[in-house]
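Values in this document were obtained by computation on a predicted structure and should not be read as measured data. Below, all heavy atoms of this structure are taken into account, side chains as well, without hydrogens, waters or symmetry copies.
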Amino acid sequence: MGKIRVAVAGAKGRMGREAVKMILDDEALAFVRGIDRTENGVDVGEAIGIGTIGVTFSNAIEDVLLKDKPDVLIDLTHPDAGKRHTRLALEYGVRPVVGTTGWTPQEIADVDKLSRDRHIGAVIAPNFAIGAVLMMKFAQTAAKYMPHVEIIEMHHDQKLDAPSGTAMKTAELIAQNRRELKQGHPNEVEQLEGARGGYYDGLRVHSVRLPGLVAHQQVLFGGPGQTLTLRHDSLDRQSFMPGVNLAVKKVMQLGHLVYGLEHLLDD
């Protein structure tokens, strides 16, 4: 088998830059095009500060999908663009690997149908950090025994969606092992609207946005006389790249959507 041809949407962003470096460092992958709405014809390496690499940006994703014929499109943009790019990729026969968050259950179901109809693999991962995926799996297990739980997720102040995709995925996994339980005093009153956080199936999710943060999450469990804290910290965006690399290679073997990196770790 030849190299897997990969295009990156959002290659000029902080996550995209790391993805480009990861592709260039892996002999099994070939970087064919960067996609950015403000750049066209500029060498990607020069734009992201790693020197000339001989691969340029395009601001027309349809041209990239049709003419460059990548096997995989990595999308690391923002919710509106990422959803459009994912659908376009599948329509052009290209496998999307998506780190963009903000998906609704219906949108995920629609992508799965499109993927299955075309027998083309797709991966949407709320978090590509393997440590974060393990945290979510551990939280799912712990919820069987300690049903009182709250989630605190902390991200940089440029993140568009709240709660994060990781927090939502964690809540979904916990809900699979825990019946809905309204926590706190039954007569509690919020003196400040939103003080108790968002409500998901009985548990509370809190979002923090501050400069200096990257991606962090705590899952706090409480029981009689004890607490359990599961925490993951991404201190650098390099933490996501082993997961992105895994997804790029695994998606070549799929004929449907996989939502969540944990399903690829189980293979």
Side chain to side chain donor-acceptor pair (under 3.5 Å) with T38: which residues, sequence neighbours excluded? D36

Considering only heavy atoms from C-beta outward, does the side chain of V42 approach that of V44 to under 4.5 Å? no

Result block: side-chain N/O donor-acceptor pairs under 3.5 angstrom for residues 5-15, not counting sequence neighbours:
{"from": "R5", "atom 1": "NE", "to": "K69", "atom 2": "O", "distance (Å)": "3.4"}
{"from": "R5", "atom 1": "NH2", "to": "D68", "atom 2": "O", "distance (Å)": "2.5"}
{"from": "K12", "atom 1": "NZ", "to": "E39", "atom 2": "OE2", "distance (Å)": "2.5"}

E27 bridged to K3 by N-O distance under 4.0 Å: no

Do I108 and T104 have side chains that get closer than 4.5 Å, going by heavy atoms? no

Is W103 close to V111 at the side-chain level, that is, under 4.5 Å between some pair of heavy atoms? yes

Keeping to residues at least two apart or across chains, list the side chain to side chain donor-acceptor pair (under 3.5 Å) pairs with something in residues 215-227. T170-Q217, H216-D233

T86 and L114, any side-chain heavy atoms less than 4.5 Å apart: no

R95 side chain to L90 backbone, donor-acceptor under 3.5 Å: no

With heavy-atom distances below 4.5 Å as the criterion, would you say the side chains of L265 and V133 are in contact? yes

Restricting to side chain to side chain donor-acceptor pair (under 3.5 Å), what partner residues turn up for H232, sequence neighbours left out? none

V214 side chain reached by H155 side chain, heavy atoms, under 4.5 Å: no

Lys/Arg-Asp/Glu bridge criterion (N-O < 4.0 Å) met for K113, D117: yes

Hey, is E262 close enough to K169 for a salt bridge, meaning N to O under 4.0 Å? yes

Return the minimal non-hydrogen interatomic distance between L213 and H156, and the atom names on each side. O-CB, 3.1 Å

V123 side chain near L264 side chain, heavy-atom distance below 4.5 Å: yes

Where do V20 and F31 land on the side chain to side chain contact (heavy atoms under 4.5 Å, CB included) test, with the steps shown first? CA-CA 7 Å; V20 170; F31 180 45; 3.8 Å; yes

Decide whether E153 and H206 meet the rule of one side-chain donor and one side-chain acceptor closer than 3.5 Å. no

Hey, does L203 have a side-chain heavy atom less than 4.5 Å from the side chain of I174? yes

F138/L230 under side chain to side chain contact (heavy atoms under 4.5 Å, CB included): CA gap, chis, key distance, verdict: CA-CA 8 Å; F138 297 157; L230 301 175; 3.9 Å; yes

Are D80 and R84 close enough for a salt bridge, meaning some N to O gap below 4.0 Å? no

Tell me every residue that passes side chain to side chain donor-acceptor pair (under 3.5 Å) with Y199, counting only those two or more places apart in sequence or in another chain. E180

Give a yes or no on this: more than 12 heavy atoms of other residues, nucleotides or ligands lie within 6.0 Å of atom CZ of R204. yes

Using the test side chain to side chain contact (heavy atoms under 4.5 Å, CB included), find all partners of D161 that sit at least two apart in sequence or belong to another chain. T101, K159

Between D75 and T100, do the side chains contain a donor N or O and an acceptor N or O under 3.5 Å apart? yes

